Amino acid sequence: MPSIAPVLVAVSGAAALLAGMPDARAHSHDRHEHGAVATDSGDMQAAMAPSMDSMMAFQPSGDADADFARLMIPHHQGAIAMAQALLRTSQDPTLRGMADDIIAGQEREIAVLQSWLRDHGR
């Protein structure tokens, strides 16, 4: 049976990356020196916290397919939260368009994963 270990390694790496982000309470700035609206990394950290908590609390079942689906749902929810955080502050049309695409795509994939879990009794 395939291992879920590569997914767990990716989750651990994302958690380490987020752990290194500045605390939202320590950094509350709205603009860079050039006056452009900025996304505070603390906003991204706060947006990602629920999905990261869910992934870090994950207990593998030994069923690689179900474990993949169960881990991908909060992973995709985190991508949606990050894109929504960007949309709250960014004025960059390229990144805003990408964020819109991410939200739509990840919502579709979450629906597929949830349906797969239901259809397979998992």
Side-chain angles (χ1 to χ4, degrees):
M1 178 181 319
S3 171
I4 195 71
V7 175
L8 294 176
V9 168
V11 169
S12 297
L17 175 65
L18 285 174
M21 287 184 168
D23 187 339
R25 293 168 298 215
H27 298 280
S28 59
H29 61 276
D30 293 324
R31 300 192 177 273
H32 285 293
E33 63 270 6
H34 300 292
V37 175
T39 300
D40 186 358
S41 62
D43 188 32
M44 288 294 178
Q45 183 177 16
M48 287 290 298
S51 64
M52 290 304 301
D53 290 346
S54 178
M55 288 186 286
M56 296 310 293
F58 179 78
Q59 296 295 316
S61 70
D63 178 339
D65 293 335
D67 288 349
F68 173 81
R70 287 189 190 109
L71 274 172
M72 287 306 292
I73 291 169
H75 170 75
H76 286 347
Q77 288 167 334
I80 291 168
M82 287 177 66
Q84 290 169 334
L86 179 81
L87 289 173
R88 285 193 293 274
T89 57
S90 178
Q91 299 302 314
D92 184 277
T94 301
L95 293 179
R96 290 183 65 81
M98 186 176 200
D100 286 335
D101 291 344
I102 288 168
I103 292 167
Q106 301 298 288
E107 286 175 344
R108 280 191 304 274
E109 290 186 16
I110 288 170
V112 169
L113 292 163
Q114 290 171 331
S115 177
W116 185 91
L117 286 166
R118 268 191 316 275
D119 292 349
H120 290 84
R122 296 177 172 137

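Residue numbers count from 1 along this sequence. These numbers come from a predicted model, not from an experiment.
Applying the ring pair (Phe, Tyr, Trp, His ring centres under 6.0 Å) definition to pairs two or more places apart or across chains, none involves residues 81-106. Sorted by first and then second residue, the ring pair (Phe, Tyr, Trp, His ring centres under 6.0 Å) pairs involving residues 81-115 (not counting sequence neighbours) form an empty list. Listed by first and then second residue, the salt bridge (Lys or Arg N to Asp or Glu O under 4.0 Å) pairs involving residues 112-122 are D63-R122 (not counting sequence neighbours). Legend: ring pair (Phe, Tyr, Trp, His ring centres under 6.0 Å) pairs involving residues 90-110, not counting sequence neighbours: none detected.
Residues passing the side chain to side chain contact (heavy atoms under 4.5 Å, CB included) test with H75, sequence neighbours excluded: M55, M72. Not counting sequence neighbours, the partners of A69 by the side chain to side chain contact (heavy atoms under 4.5 Å, CB included) test are L113, W116, L117. Scanning for side chain to side chain donor-acceptor pair (under 3.5 Å) contacts around E109 gives H76, with sequence neighbours left out. Listed by chain and residue number, nothing satisfies the side chain to side chain contact (heavy atoms under 4.5 Å, CB included) test with D101 (two or more places apart in sequence, or in another chain).
Going from atom CG of D65 over to atom CZ of R70 covers 10.5 Å, rounded to the nearest 0.5 Å. Interatomic distance, CD of Q77 versus CE of M52, reported as 13.0 Å (0.5 Å rounding). The distance from the CD1 atom of I102 to the CD1 atom of I80 is 10.0 Å, given to the nearest 0.5 Å. A distance of 11.0 Å separates CE in M98 from CG in D92, rounded to the nearest 0.5 Å. In this structure, OG in S51 is found 11.5 Å from CE in M56, a value given to the nearest 0.5 Å. Between atom CG of residue D100 and atom CD of residue Q84 there is a gap of 10.0 Å, rounded to the nearest 0.5 Å.
Between the side chain of D67 and the backbone N or O of P60, no donor-acceptor pair lies under 3.5 Å. R96 contributes no side-chain N or O that, together with a main-chain N or O of Q91, makes up a donor-acceptor pair within less than 3.5 Å.
Closest approach of P50 and A46 over heavy atoms only: CD-O, 3.6 Å.
Cluster note: V112 groups with no other residue, as no ILVMFWY side-chain heavy atom lies under 4.5 Å from it.
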